[in-house]
Structure formats: C-alpha cells, structure tokens
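One structure is given below, encoded as structure tokens.
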Amino acid sequence: MDQKCVICKSATYDEHDALVASLRKQFWQMVPIRLFIWGDWVTADANQEENIGLLSCTRVQGDVMKTIIFHENTIAHSPSNRYIVQFLRKYVEKIESVPEYELDDEMIEFYVSLSATTNMSPMGGGVCFKTYTLDKEQYTRIVLQEEQLTISNGTTGLLTWEAGLFLSDFFVEHPDIIRGKNVIELGSGCGLAGFTCATMGAASVLCTDVNGNVLHILEENRKINPSIVDKIRVAELDWEDTSECARLSKDVDVIIGSDILYDPTIVPPLVGALKAILVSSQQVAYITAAFRNPETFALFLRLIGRFVII
C-alpha cells in the first residue's frame, strides 16, 4: 500500500508522481495557463477542489524543477520563456495561498531570474517547441516547432489546433486503423496528426500543405523526430490540382485532416481533392473539425455526397 507523504501528509507518493506527470504533460504541450489543470489530468474533476496542500508540498516543488523545468527534453526542446514564466508565476500564486507555505529556493531563484530577462508582451511571437506525449509513461513523444501567434506569415497553419489534438488522440486510442497503412494528411500544419500515425505504426505518411512557411516547418519537424523521420515525407499539394490528387490515390490507404473546414471557400476544393483520392472502397478518410460555422459544415456534408467521412 502506497504511503502518505511524510512532508505534506495530504497525498500518497503515487499521487505525487501522478500530479507531476500531469503538470509535465500540460507544460510540454504549452496548454494555456487559463486552461491548465492543476491536478491529475486523468482523474481531474471540474467540480472538485484542487489539492493545494499537494501542489505546495516541497517534494512536489522539487520534482517540478527537476523533472519538468530542468528535464532533458525541456532543455533540448523548450517552450517559450514567456510560457515558463507564466507557469511558474501561477504555480507560486497557488503555493502562496496556503497558510505557512514554504517555497523551493531553486524555483524562486530561477523564476525571478527568468522573469527579469523575458519579454512578457502578449504580442511577442516566434517559434518555440511543444512536446506531445502519447503514452502514460511519457516516453513516446512527438516534438514540434510551432509559432506562438495564432496568425503568422499570413497563415494559421503554424500551430496545432484543438481538432488536431483530437485526431491525434483518436489514433493513439485506435492504432489498428493506421497500422501498416499508407497515410496522407491534407492541410498538415505542424504535423501532429500525421506524425502520430507514423509513431503508432503507419507504414508511411505523406504530410501535405500548400503554404511555403508551413511546408518549411513541417520539414524541420520531420527532422527533429528521428524515430519516425524515415516514415514521413513532406510535399506541397494544392487541392485544386485534382490530377495530382488522383495520382496520389493509388498509394493511399487512409486520408486524414484536422481543422481544414475553417472557411466555406475552401470546402469545394477540399471535397474535390477527397473525391480524387478516394477511389476505392478500401480507402477511408478521417476528418476532424471545430464546429465554428454551421453553414460551412453543412456545405461540406452536402458536397461530399456519397462519401462517409469520420
């Protein structure tokens, strides 16, 4: 039976480790601080009070520094300094809400030093790293370079959107769908869904987009994921070039796409591309989208006709 922590006496050591793992997963992924779950991501209950006693435990504080801030992956593929400051600021605020709290000296020293040298302007952009963990132990990771601003260089494709996270999680939970298959991703953006397919056993993944800046970051992301680099190819694909789409169809088993239904003007070309690639009953497409505009989604369903898109 797992023992209670002798320092905080508010949780077991297993609960300590689960909390730190949850914080690390969110930190690496740069979950917005306003959406951060300061508890166990897996068992979090929105109606349940946070265990501030556990958060403030000096053992947990030490583990946050050792296994998150100074973790080898953080050092090699760091989130933005601005995000690290935001994370530590909020964490310190939570600790300070506890009567007779004690702050880890190393954490405070690092926080103060980084705050003094970091531009905290919300308009500050630039590329940084995000790490997405695919397993409970957090050994299976995808590292992506992403832009911090929603729109950069005239495109929204330089960061991962919620629909991409959902599609990635779907393939993690259902790897048999793509294991041994040849996959093409339409509108890849930074590549999370396609890279997940490669990690979960796809034979090959062709990540496509049309924007030059997106294609550049896709290629850079391919190179920094050595375990799957040989499975992934990056290529430009214009959905209006249906002859090129048709040429690709003979090598494709699974077509995927996430958050590519963001505007009604791109729906007809997208449907044209899907119809050109989906030429066999053995092929299947998985498309995820945020439900922003009902008219756009209705247009997609109307134009797709007899095709079934999950």
Side-chain angles (χ1 to χ4, degrees), residues 25-32 35-36 41 77 79-80 83 127-135 138 140-153 155-175 177-178 181 183-202 205-211 213-222 224-225 228 231-235 237 239 254-263 266-267 270 273-274 284-293 296-297 300 309-310:
K25 179 181 178 72
Q26 296 174 86
F27 175 85
W28 279 349
Q29 197 171 303
M30 286 183 65
V31 171
L35 302 177
F36 214 90
W41 182 315
H77 306 112
S80 69
Y83 183 80
V127 173
C128 60
F129 291 98
K130 294 183 182 181
T131 299
Y132 300 88
T133 58
L134 306 186
D135 62 331
Q138 300 182 351
T140 305
R141 310 170 194 151
I142 293 172
V143 177
L144 301 179
Q145 297 180 77
E146 298 190 20
E147 173 59 57
Q148 298 177 66
L149 298 177
T150 302
I151 300 176
S152 178
N153 294 316
T155 179
T156 59
L158 296 176
L159 76 166
T160 298
W161 293 83
E162 186 175 355
L165 292 169
F166 181 88
L167 191 57
S168 173
D169 288 344
F170 176 77
F171 290 125
V172 170
E173 294 173 6
H174 306 283
I177 291 174
I178 43 83
K181 305 292 187 182
V183 178
I184 182 171
E185 182 176 22
L186 303 179
S188 293
C190 294
L192 177 61
F195 285 30
T196 298
C197 288
T199 303
M200 300 310 294
V205 179
L206 177 61
C207 295
T208 70
D209 214 293
V210 72
N211 181 281
N213 292 306
V214 174
L215 290 167
H216 173 75
I217 207 168
L218 259 176
E219 180 59 30
E220 291 300 305
N221 286 339
R222 185 185 74 87
I224 61 176
N225 288 275
I228 54 175
K231 287 187 175 184
I232 296 172
R233 289 188 297 127
V234 174
L237 180 63
W239 297 343
V254 180
I255 302 94
I256 67 172
S258 63
D259 220 341
I260 52 178
L261 297 173
Y262 54 85
D263 188 275
I266 58 91
V267 172
L270 171 60
L274 287 170
V284 62
Y286 297 88
I287 309 294
T288 57
F291 197 71
R292 299 186 183 92
N293 187 333
T296 301
F297 196 68
F300 174 71
I309 308 296
I310 299 178

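Along the sequence shown, residues are numbered consecutively beginning with 1.
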Rounding to 0.5 Å, atoms OG1 (T196) and CD1 (I256) come to a distance of 8.0 Å
Heavy-atom nearest pair, N213 first then N211, reads N-OD1, 2.8 Å
Between I260 and L186, which heavy-atom pair has the shortest distance, and what is it?
CG2-O, 3.7 Å
Working to the nearest 0.5 Å, report the span between CD of Q145 and CG of L218.
11.0 Å
Are S258 and W161 packed together at the side-chain level, in the sense that at least one heavy-atom pair is separated by less than 4.5 angstrom?
no
Does a side-chain heavy-atom distance below 4.5 Å link L206 with S188?
no
Find the distance between CD (Q29) and CZ (R141) and round it off to the nearest 0.5 Å.
13.5 Å
Quick one: does K231's side chain have a donor or acceptor within less than 3.5 Å of a partner on A202's backbone?
yes
Testing the basics here: between G194 and E185, what is the closest heavy-atom pair and its distance to 0.1 Å?
N-OE1, 3.1 Å
At what distance, to the nearest 0.5 angstrom, does OH of Y83 lie from NZ of K130?
9.0 Å
Which heavy atom of L144 sits nearest to which heavy atom of T160, and what is that distance?
CD1-OG1, 4.0 Å
Please assess F170 against T288 for the test side chain to side chain contact (heavy atoms under 4.5 Å, CB included), listing each intermediate value before the final yes or no.
CA-CA 10 Å; F170 176 77; T288 57; over 6 Å; no
Crowding at NE2, H77 (>12 non-hydrogen neighbours, <6.0 Å)
yes
Using every non-hydrogen atom in the two residues, find where L159 and E147 come nearest and quote the distance to one decimal.
CB-O, 3.7 Å
R233, CZ: over 12 other non-hydrogen atoms inside 6.0 angstrom
no
Donor-acceptor check, side chain of N293 to backbone of Y262, threshold 3.5 angstrom: yes or no?
no
Quick one: are F195 and V205 in side-chain contact, heavy atoms under 4.5 Å?
no
Interatomic distance, F171 atom CZ to T199 atom OG1 [nearest 0.5 angstrom]:
12.5 Å
Return the CG to CH2 distance between L274 and W239, rounded to the nearest 0.5 Å.
8.0 Å
T140 and V172: CA distance, side-chain angles, deciding distance, side chain to side chain contact (heavy atoms under 4.5 Å, CB included) verdict:
CA-CA 11 Å; T140 305; V172 170; over 6 Å; no
Of all heavy-atom pairs between L261 and A289, which one has the smallest distance, and what is that distance?
CD1-CB, 3.8 Å
What I'd like to find out is whether the side chain of L158 reaches to under 4.5 Å of the side chain of V214, using heavy atoms alone.
yes
Below 4.5 Å, heavy atoms only, C-beta onward: do C128 and M30 meet side chain to side chain?
yes
